[in-house]
Amino acid sequence: MKNILIMGASSGIGLATTKLALERGYSVVAFSRSVEKMTLRHDKLVKIAGDARDVDHVRGVMSEIDVVVQALGVPLNLRAILGPIDLFSAATKVLVAEMQNANIRRLLCVTGFGAGKSRSSIHPLQRLGFSLVFGRAYGDKTIQESLIEQSDLDWTLVRPGVLFNTKASGRYRVLTEPKQWGNGIVAREDVADFLVQQFSLQTHIHKSPVLIR
């Protein structure tokens, strides 16, 4: 059974993925600056506090890992709107290098609809508002995606639409072709379901699917 490292495991998609991976029998290392907030307990769960931008912290959790999930996030506040934001790119530079050093191949990285090449698929009426609110964060996520695409890892970039904390529907769509891309809503638990499926599947390596309901 695979050992999974989840970066950003204490909240959001990271937490949902941690819970689902444990339910399905995986061993999980939950890595987060605020890991002490996690009340989750499990005999296959190890919780480690650390900064995803710190080389020593990241290097210290690479032992015996088979799959890495990078599910970092920033709170939506004034700093997120005005910037600067470099969490995603800075953490990714560290992660890619340390995965290569540890000979870990599989990386699942959660970015979002509007990052990278999907930005051009945002409806023109939504584009201005998106840029004003999310422009700084998604600019850095675009750099994050580029760093991963240029690596030799077996990567998948996962771009959810607008996220909700509803229960998993099981009816989400995985849009792999640019002509299909468009925004929509999706439950965090559905994104977690896709991620956990990819622990053992090879169907989306070097692909960047958009996930919406």
Side-chain angles (χ1 to χ4, degrees), residues 1-18 20-22 24-35 38 44-74 85-112 115-117 137-138 140-160 176 191-209 211:
M1 186 56 71
K2 289 182 171 63
N3 297 316
I4 314 301
L5 171 62
I6 300 181
M7 315 286 289
S10 63
S11 62
I13 292 171
L15 180 57
T17 305
T18 300
L20 188 59
L22 292 168
R24 295 186 182 173
Y26 292 97
S27 296
V28 176
V29 176
F31 181 92
S32 171
R33 285 179 296 180
S34 54
V35 76
M38 291 181 70
K44 290 188 175 182
L45 174 65
V46 175
K47 296 186 284 188
I48 297 179
D51 187 337
R53 296 166 293 190
D54 187 294
V55 173
D56 291 332
H57 289 183
V58 175
R59 185 173 296 160
V61 294
M62 287 290 156
S63 178
E64 299 183 358
I65 295 298
D66 301 300
V67 179
V68 178
V69 176
Q70 190 186 48
L72 304 176
V74 294
I85 293 176
D86 67 352
L87 169 66
F88 305 106
S89 58
T92 299
K93 287 177 185 177
V94 172
L95 179 61
V96 167
E98 292 308 314
M99 286 183 66
Q100 290 171 332
N101 289 339
N103 198 29
I104 302 168
R105 301 293 309 163
R106 190 70 172 109
L107 172 61
L108 297 158
C109 176
V110 181
T111 58
K117 297 179 181 68
Y138 274 72
D140 195 44
K141 288 186 178 190
T142 294
I143 298 171
Q144 175 188 32
E145 288 197 355
S146 179
L147 290 167
I148 292 170
E149 289 171 337
Q150 293 169 25
S151 76
D152 63 354
L153 301 176
D154 294 333
W155 52 263
T156 301
L157 300 173
V158 183
R159 296 166 171 162
T176 57
V191 179
D193 178 73
F194 176 79
L195 290 167
V196 174
Q197 287 187 42
Q198 297 308 304
F199 295 168
S200 57
L201 297 178
Q202 307 292 313
T203 51
H204 290 89
I205 288 177
H206 296 164
K207 295 183 180 180
S208 309
L211 268 57

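Each residue takes its place number in the sequence, starting with 1.
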salt_bridge(D154, R106) N-O dist < 4.0 Å: no

- Within 6.0 Å of CD in E149, more than 12 heavy atoms from elsewhere: yes

CD1 (I13) and CG (L20) are apart, to the nearest 0.5 Å, by 12.5 Å

**OP:** Apply ring-ring contact (aromatic ring centres under 6.0 Å, His included) to the pair F31 and H57, showing each step before the final yes or no.
**Re:** CA-CA 9 Å; F31 181 92; H57 289 183; 7.1 Å; no

Separation between CE (M99) and CZ (R59), nearest 0.5 Å, reads 14.5 Å

Rounded to the nearest 0.5 angstrom, the CG-OG distance for L5 and S63 is 11.0 Å

### Task
Just do the side-chain contact (heavy atoms from CB on, under 4.5 Å) check on T18 and M38 with the steps written out, would you?
CA-CA 11 Å; T18 300; M38 291 181 70; 4.2 Å; yes

* To do: Tell me whether the guanidinium CZ or amine NZ of K2 lies under 6.0 angstrom from the six-membered ring centre of Y26 and within 45° of its axis.
  => no

Tell me whether K93 at atom NZ has more than 12 heavy atoms from other residues, nucleotides or ligands lying less than 6.0 Å away.
no

Side-chain donor-acceptor pair under 3.5 Å between T111 and E145, yes or no?
-> yes

Sidechain N-carboxylate O distance under 4.0 Å for D193, R24: yes

Distance col, row L195:CG vs T156:OG1, nearest 0.5 angstrom, shows 9.0 Å

- Query: So H206 and W155, would you call those rings parallel, tilted or perpendicular, with 30° and 60° as cut-offs?
  - Reply: tilted

